[in-house]
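Numbering of ligands and ligand atoms starts at 1, following listing order.
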Amino acid sequence: MVSETRILIAPSVLSADFADLGRQVRAVTDAGADLIHVDVMDGVFVPAISFGEVVVDAIRANTDVPLNIHLMIQEPENLLSTFAKVESDQILIHAEACGHLHRTVSRIKGMGNQVGVAINPGTSVSAVEDVLPLLDMVMVMSVNPGASGQSFIPQSLDKIRRLKTIIDEAKFDAQIEVDGGIKADWTAEDSIKAGATILVAGSAIFNDQESIPDAMNGMRECVLG
Ligand code: DX5
Ligand code: ZN
């Protein structure tokens, strides 16, 4: 598939071997990751707890690639100084988790970070529409957040298309990111056709079936068509 915009691949370290995290982060960096997707889960907004500041710092210490930090945290405003402390990192918060979405987005921008808002599969595009002009990224969750290795929800493609139409018509800058169940197959291809330009991939990159460089090459070939 030919796309005029460069498609960014963001491996999600949630699927990495945490006993070997530094080496795995360096491996995806060497294999050409455009961003490193970092899933912070608080056990409240989503049932699971993943990791916090110490692990995010350890990931950052092993790569020069910007971190794409996905905060699955209820009221992330309380923890912005913890996770938005390095300006080159991108911060993604959930529309469903913020009582004051506009204020939280504005605060992140004020800290100098790129900012994105994620919406769950059950959340309508309208939940993010009023902050869209402020965003660098809008992230469509193509699985229910909380775990890697789930199947892509096909209805996500419609949501990506709707966002793409709104963004193009209003000439907003936001890129569309898609997170969950992305493989080097129709899920990546159709997401790009629908308008996504940032693809998160966890279990497609970190798995027992192929090496990290092979998995990254497969994904890159798929997105280049
Ligand atoms: C899910 C996370 C995703 C996850 C993606 O809650 O936000 O980033 O790690 O993993 P895969 O690509 O395996 O669905
Ligand atoms: Zn994520």
Side-chain angles (χ1 to χ4, degrees), residues 7-18 21 24-25 28 31 33-52 55-56 59 65-74 76 79 83 89-97 114-123 128 135-157 159-160 175-192 196-210 212 214-216 218-220 222-223:
I7 304 299
L8 305 183
I9 299 174
S12 168
V13 295
L14 192 62
S15 298
D17 174 0
F18 274 70
L21 187 57
Q24 299 230 316
V25 169
V28 280
D34 298 293
L35 302 164
I36 307 275
H37 186 82
V38 175
D39 289 303
V40 180
M41 302 180 184
D42 67 352
V44 178
F45 179 64
V46 291
I49 295 175
S50 58
F51 49 76
V55 173
V56 177
I59 294 167
V65 169
L67 304 188
N68 183 250
I69 303 180
H70 178 190
L71 296 179
M72 284 165 273
I73 293 178
Q74 196 63 39
L79 283 165
F83 292 108
D89 293 344
Q90 305 171 330
I91 307 296
L92 295 135
I93 56 174
H94 268 264
E96 305 86 353
Q114 290 198 354
V115 59
V117 172
I119 49 174
N120 285 336
T123 301
V128 76
L135 300 185
D136 299 289
M137 289 146 292
V138 55
M139 188 160 83
V140 172
M141 289 306 301
S142 39
V143 298
N144 284 293
S148 55
Q150 304 179 75
S151 297
F152 184 89
I153 298 172
Q155 288 82 354
S156 314
L157 296 171
K159 205 181 273 187
I160 296 171
Q175 285 192 269
I176 302 175
E177 178 164 357
V178 58
D179 183 10
I182 295 287
K183 310 281 174 211
D185 62 12
W186 66 272
T187 54
E189 289 166 3
D190 289 1
S191 295
I192 295 167
T197 55
I198 306 174
L199 304 184
V200 177
S203 48
I205 302 297
F206 300 97
N207 60 61
D208 294 338
Q209 276 79 55
E210 55 191 342
I212 288 171
D214 285 352
M216 283 293 293
M219 188 62 75
R220 183 64 70 199
C222 174
V223 306

Exercise for review: State, to 0.1 Å, how close Ala48 and Met41 come at their nearest heavy-atom pair, and which atoms those are.
Suggested key: O-CB, 3.2 Å

Check your understanding: Of the non-hydrogen atoms in Ile212 and Ile205, which two are nearest, and what is the gap between them?
Key -> CG1-O, 3.9 Å

Practice item. Can you sort out which atoms of ligand 1 are near Pro145, meaning under 4.0 Å from one of its heavy atoms? Key: 6 (O)

**Study point:** Test of proximity, Asp39 against ligand 1: N or O pairs below 3.5 Å
**Key:** yes

Exercise for review: Using modelled atom types only, decide if a donor and an acceptor are shared between the side chain of Ser142 and the backbone of Phe152 within a distance under 3.5 Å.
Suggested key: no

Practice item. Can you tell me, to 10 degrees, how wide the angle at the Zn ion (ligand 2) is between NE2 on His37 and OD2 on Asp179? Key: 100°

Review point. Which protein non-hydrogen atom lies closest to atom 12 (O) of ligand 1, naming both residue and atom, and how far is it?
Key: Gly202 N, 2.8 Å

Check your understanding: With distance as the sole test, does Asn120 use its side chain to make a donor-acceptor pair with the main-chain N or O of Thr123 at under 3.5 Å?
Key -> no

Review point. Any idea which of Asp179, Val143, Val38, Asn207 brings a heavy atom closest to atom 8 (O) of ligand 1?
Key: Asp179

Study note, to complete from the structure: For Gly146, the ligand 1 atoms with a heavy-atom partner under 4.0 Å come out as 1 (C), 6 (O)

Check your understanding: Relative to the heavy atoms of Gly149, which atoms of ligand 1 are at a distance of less than 4.0 Å?
Key -> 11 (P), 13 (O), 14 (O)

Check your understanding: Does the pair Lys183 and Ser203 meet the rule for a side-chain hydrogen bond (donor to acceptor under 3.5 Å, both in side chains), with working shown?
Key -> CA-CA 8 Å; Lys183 310 281 174 211; Ser203 48; 3.0 Å; yes

Point to revise | Heavy-atom nearest neighbour in the protein, as seen from atom 10 (O) of ligand 1, with distance rounded to 0.1 Å | key: Ser148 CB, 3.2 Å

Point to revise | Heavy-atom proximity to atom 9 (O) of ligand 1, best of Ala10, Ser203, Ser12, Ser151 | key: Ser12

Review point. Does the side chain of Leu135 come within less than 4.5 Å of Val128's, by heavy atoms?
Key: yes

Point to revise | Identified side-chain contact (heavy atoms from CB on, under 4.5 Å) counterpart of Ile192 within the set Leu199, Thr197, Thr187, Ile160 | key: Leu199

**Study point:** Donor-acceptor under 3.5 Å (Asp179 side chain, Met141 main chain)
**Key:** no

Check your understanding: Has ligand 1 got any nitrogen or oxygen that is less than 3.5 angstrom from a nitrogen or oxygen of Met141?
Key -> no

Revision key, fill the gap. Note: ligand 1 atoms sitting under 4.0 Å from heavy atoms of His37 are 8 (O)

Exercise for review: Check whether any side-chain heavy atom of Pro121 sits under 4.5 Å from a side-chain heavy atom of Gln155, and report yes or no.
Suggested key: no

Exercise for review: Using a strict 4.0 Å cut-off to heavy atoms of His70, name the atoms of ligand 1 that fall inside it.
Suggested key: 7 (O)

Check your understanding: With only distance considered, is Gly181 within less than 3.5 Å of ligand 1 through an N or O on each side?
Key -> yes

Point to revise | Proximal atoms of ligand 1 relative to Leu14 (non-hydrogen, under 4.0 Å) | key: 9 (O)

Exercise for review: Provide the number and element of each atom of ligand 1 under 4.0 Å from a heavy atom of Ala201.
Suggested key: 12 (O)

Review point. At the Zn ion (ligand 2), what angle lies between atom OD1 of Asp39 and atom ND1 of His70, rounded to 10 degrees?
Key: 90°

Check your understanding: To which protein heavy atom is atom 1 (C) of ligand 1 closest, and what is the distance rounded to 0.1 Å?
Key -> Ala147 O, 3.4 Å

**Study point:** ligand 1 atoms in contact with Gly180 (distance to a heavy atom under 4.0 Å)
**Key:** 14 (O)

Check your understanding: If you look at every heavy atom in Pro154 and Trp186, which pair is closest and at what distance?
Key -> CG-CH2, 4.5 Å

Exercise for review: Could you establish whether Met72 and ligand 1 come within less than 4.0 Å of each other, counting only heavy atoms on the residue side?
Suggested key: yes

Point to revise | Where Gln150 and Asn144 come nearest, the two heavy atoms and their spacing | key: NE2-O, 2.8 Å

Check your understanding: Heavy atom of Ala204 under 4.0 Å from ligand 1?
Key -> no

Point to revise | Test log, rule side-chain hydrogen bond (donor to acceptor under 3.5 Å, both in side chains), inputs Asp39 and Ser12 | key: CA-CA 7 Å; Asp39 289 303; Ser12 168; 2.7 Å; yes

